[in-house]
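A short worksheet on the structure shown next.
The structure presented is a predicted model; accordingly, all values stated were derived computationally and were not measured. Quick note: residue numbers are just sequence positions, from 1.
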Amino acid sequence: MSGIYDASWFAEKLRDRTIRGIALETSALIRTGALPVGAKLPPVRDLAFSLGVSPATISEAWSELRKQKIISGRGRNGTWVSGDRFIAQPERLASSGNYGPDVLDLTMAVPDRTLLPPLQSALAYGASAENLNSYERSRILPELEAEVRGSWPYEAEAFLATNGGYNAVYTLVHALLSPGAAIAIEDPTAMRLLDILEDHGVRIVPVRCDDDGPLPSSLQEAMHYKPVAFLFQPRLHSVTGRTVTAKRMSELAVVLRDRDTLIIEDDGVGDISSKLRLSLGTYFPDRVIHILSFSKTLGPDLRLAVLSSTQTIVSQIQSYRSFSAAWTSRILQAAAAWLLRDPSTAVALMNARHAYDERRTALTRGLAARGVGVTEGHGLCAWVSVENETFAMVTLAARGIAVQPGSKFSILPSRHLRVATSTLSTRCDEVADAIGLAASGG
């Protein structure tokens, strides 16, 4: 086998000679079976010579594949395609642990099920949805479109119902973006967004943020890489809890003016936020894709989100969906429309919003009193500064508390923890004490 996959074999297959390109194209060879599990990779210097790049370039590319556990080994013993088989999986999400009943699990920033509106009447209504059980590949149920249009943050041309917010992002990424293309995204961001982008093989260009949202200067720097899209969360950031201000939105619009960059707005937390919905669609309706998820507000089992864009872009996304689930359940769409009309839903949402704010505030005030840095904001989690992520994680684990390391939400060096607060209705002082100790770094 070693003679088959030598440096000259790779030189014929790899076209992009950058670090990222070599990693992506080698990964693709493994995914398709052209380079099988168990194959030995050629020595770094031999491959560097054949490709006309430096050995450091190959080493960096191999390092990236090791992080993804695609290859293993190094040094004199050689490097191999690892594992019994190669299966694509969301690496950041999949690395989350399963914790027993003795652990306080603060890893999942999910809605408290007791605060969600009841679904029985809505689902009963949904069973009589228009055109039920038809194989017609409709984009969105008219009554759901009518409900969302009234509060949509800009005058959108076309709407599409999808099977949740991340399904919307996954589908549009595969429909509109080519592997290897650059995409600018705020840093930190949702780990599942990074999983989707990394799996698709796009080049992720981080955009730094401050309290008001993505920094215009950092977005301007990202434009040097000619990103095909800019992805951000304008209304309520799912990790930090911040909201992009109206002033910052106008500053971002200045950077994005006179460009053809797609703008993807992810409103994944939805009406958990009481903030006014803003969109760059008011500036660039021809290239904005705005996504609103209902998982956190109406319930994750509705599996529902709605996106808007131009007729052309929505048609492209819908065309890609035709390979799999060509439409979203009309039962669930009608149920959501019923809930959005029902006055008791607004009451339940107001109560939930108040409870989430109380829980987050209780922890963040406790942390601030202990000298721990934490971002101001709202939502289902807190973004906590620590001296050393590894020390903080181990310290909390020893006290029976599980949280997420900030590195899962960033491709830049991180010294943070993401602590879910949505279900933290008790034990706030205990958690604040533990994080206070963990944040110090020893």
Discussion item. If only side-chain N and O atoms count, and only distance matters, is there a donor-acceptor pair under 3.5 Å linking Ser54 with Thr57?
Written reply: yes
Output for pair (Met249 CE, Thr243 OG1), nearest 0.5 Å, gives 11.0 Å
query = Under a 4.5 Å cut-off applied to non-hydrogen side-chain atoms, are Ile289 and Glu265 in contact?
reply = no
- Message: For the backbone of Leu424 and the side chain of Arg427, can you confirm whether one donor and one acceptor N or O come within less than 3.5 Å of each other?
- Response: no
Quick one: does any side-chain atom of Ser138 pair with a main-chain N or O of Ile140 as donor and acceptor, under 3.5 Å?
no
Exercise for review: Kindly indicate, with the supporting measurements, whether the criterion salt bridge (charged side-chain N to carboxylate O under 4.0 Å, His left out) is fulfilled by Asp112 and Arg359.
Suggested key: CA-CA 11 Å; Asp112 184 334; Arg359 294 170 187 181; 2.9 Å; yes
If we ignore hydrogens and angles and just use 3.5 Å, is the side chain of Thr364 paired with the main-chain N or O of Thr361 as donor and acceptor?
yes
- Donor-acceptor pair, Glu251 side chain versus Ser217 backbone, under 3.5 Å? no
message = Please tell me whether Ser440 and Glu387 have a donor and an acceptor in their side chains that are separated by less than 3.5 angstrom.
response = no
The reported gap from CZ in Phe391 to CZ in Arg415 (rounded to nearest 0.5 angstrom) is 14.0 Å
One pair to check against side-chain contact (heavy atoms from CB on, under 4.5 Å): Leu144 and Val306. What are the steps and the verdict? CA-CA 9 Å; Leu144 179 58; Val306 173; 4.0 Å; yes
- Query: Do the side chain of Glu389 and the main chain of Gly406 share a donor and acceptor less than 3.5 angstrom apart?
  - Reply: yes
>> With a sphere of 6.0 Å drawn around CG of Asp210, does it hold more than 12 non-hydrogen atoms of other residues, nucleotides or ligands?
In response: yes
- Does the side chain of Glu157 pick up a donor-acceptor pair with the side chain of Thr310 at under 3.5 Å? no
TODO: Apply side-chain contact (heavy atoms from CB on, under 4.5 Å) to Val314 and Leu307, showing your working.
DONE: CA-CA 8 Å; Val314 168; Leu307 68 79; 4.2 Å; yes
Item to check | Check: Gln233 main-chain N/O paired with Glu186 side-chain donor or acceptor under 3.5 Å | outcome: yes
| request: Walk me through it: do Asp212 and Arg242 pass the test salt bridge (charged side-chain N to carboxylate O under 4.0 Å, His left out)? | output: CA-CA 7 Å; Asp212 295 332; Arg242 295 166 175 155; over 6 Å; no
Correct closest heavy-atom pair for Glu130 and Arg330 would be O-CD, 3.4 Å
Self-check item: Test item: side-chain donor near acceptor, Thr328 and Asn163, under 3.5 Å
Solution: yes
Any side-chain heavy-atom pair from Pro153 and Leu278 closer than 4.5 angstrom?
no
What I want to check is whether the side chains of Ser295 and Tyr166 have a donor and an acceptor closer together than 3.5 Å.
no
Between Asp267 and Arg277 (salt bridge meaning N to carboxylate O under 4.0 Å), is one present in this structure?
yes
Is atom CZ of Arg259 surrounded by more than 12 heavy atoms (other residues, nucleotides or ligands) closer than 6.0 Å?
yes
When every non-hydrogen atom of Ala184 is compared with those of Ala222, the smallest separation belongs to CB-CB, 4.1 Å
By side-chain contact (heavy atoms from CB on, under 4.5 Å), Thr171 pairs with (sequence neighbours left out) Asn167, Ile317, Tyr320, Arg321
- Query: Between Ser309 and Arg287, do the side chains contain an N or O donor and an N or O acceptor separated by less than 3.5 Å?
  - Reply: no
Check: Under a 4.5 Å cut-off applied to non-hydrogen side-chain atoms, are Glu147 and Arg341 in contact?
Finding: yes
So does Ala156 get a backbone contact from the side chain of Arg149, meaning a donor-acceptor N/O pair under 3.5 Å?
yes
Salt bridge check: are Arg139 and Glu145 linked by an N-O gap of less than 4.0 Å? no
Looking only at heavy atoms, the pair that brings Phe409 and Leu194 closest together is C-CD1, 3.6 Å
Here the gap from Tyr283 atom OH to Leu252 atom CG, rounded to the nearest 0.5 Å, amounts to 9.5 Å
Step-by-step side-chain contact (heavy atoms from CB on, under 4.5 Å) determination, Ile401 to Val431 | CA-CA 8 Å; Ile401 300 172; Val431 173; 4.3 Å; yes
Residues Leu119 and Leu339: closest non-hydrogen pair is CD2-CD1, 3.7 Å
Closest heavy-atom pair, Gln333 versus Leu141, reported as atoms and distance to 0.1 Å, is OE1-N, 2.7 Å
Test side chain to side chain contact (heavy atoms under 4.5 Å, CB included), reference Leu197, set Val202, Val169, Thr189, output is Val202
Report, as yes or no, whether the 6.0 Å neighbourhood of atom CZ on Arg370 holds more than 12 heavy atoms from other residues, nucleotides or ligands. yes
The side chain to side chain contact (heavy atoms under 4.5 Å, CB included) partner of Leu231 among Val173, Ile263, Leu193 is Leu193
Value for OG1 (Thr107) from CG (Leu417), rounded to nearest 0.5 Å, stands at 12.5 Å
In terms of heavy-atom contacts, Tyr356 and Ile272 come closest through CE1-CD1, 3.4 Å
For residues Ser238 and Val269, determine if any side-chain heavy atom of one lies less than 4.5 Å from a side-chain heavy atom of the other.
-> yes
Q.
Do Arg418 and Trp383 form a cation-pi contact, if we require the NZ or CZ to be under 6.0 Å from the six-membered ring centre and within 45 degrees of the ring's axis?
A. no
Checklist line | Backbone of Ile22 reached by a side-chain donor or acceptor of Thr26 within 3.5 Å | finding: yes
Report task. Taking the side chain as every heavy atom from C-beta outward, state whether Tyr154 and Leu280 have any atom pair closer than 4.5 Å. Result -> no
4.5 Å side-chain heavy-atom contact, Glu198 and Ile204: yes
Do we see a donor-acceptor contact under 3.5 Å between the side chains of Trp338 and Ser121? no
Between Asp271 and the options Arg235, Lys296, Arg353, the salt bridge (Lys or Arg N to Asp or Glu O under 4.0 Å) test singles out Arg235
For the residue pair Thr162 and Leu160, establish whether any side-chain heavy-atom pair is separated by less than 4.5 Å.
yes
| Short question: side chain of Asp357, backbone of His378 - any donor-acceptor pair under 3.5 Å? | no
Inspect the surroundings of CD in Gln311 and state if more than 12 heavy atoms from other residues, nucleotides or ligands are less than 6.0 Å away.
yes
Separation between CD1 (Ile71) and OG (Ser27), nearest 0.5 Å, reads 10.0 Å
Do Ser308 and Trp152 pass the side-chain hydrogen bond (donor to acceptor under 3.5 Å, both in side chains) test, and can you show the C-alpha distance, the side-chain angles, and the key distance before you say yes or no? CA-CA 9 Å; Ser308 69; Trp152 212 252; 2.8 Å; yes
Can any side-chain N or O of Thr240 pair as donor or acceptor with the backbone N or O of His237 at less than 3.5 Å?
no
**Asked** So, do Asp211 and Glu376 sit near enough that their side-chain heavy atoms are less than 4.5 Å apart?
**Response** no
| message | For His174 and His200, take the angle between the two ring planes, folded into 0 to 90°, and tell me which bin it lands in: parallel under 30, tilted 30 to 60, perpendicular over 60. | response | tilted
When rounded to the nearest 0.5 Å, the distance separating CG of Leu215 from CG of Leu219 is 9.5 Å
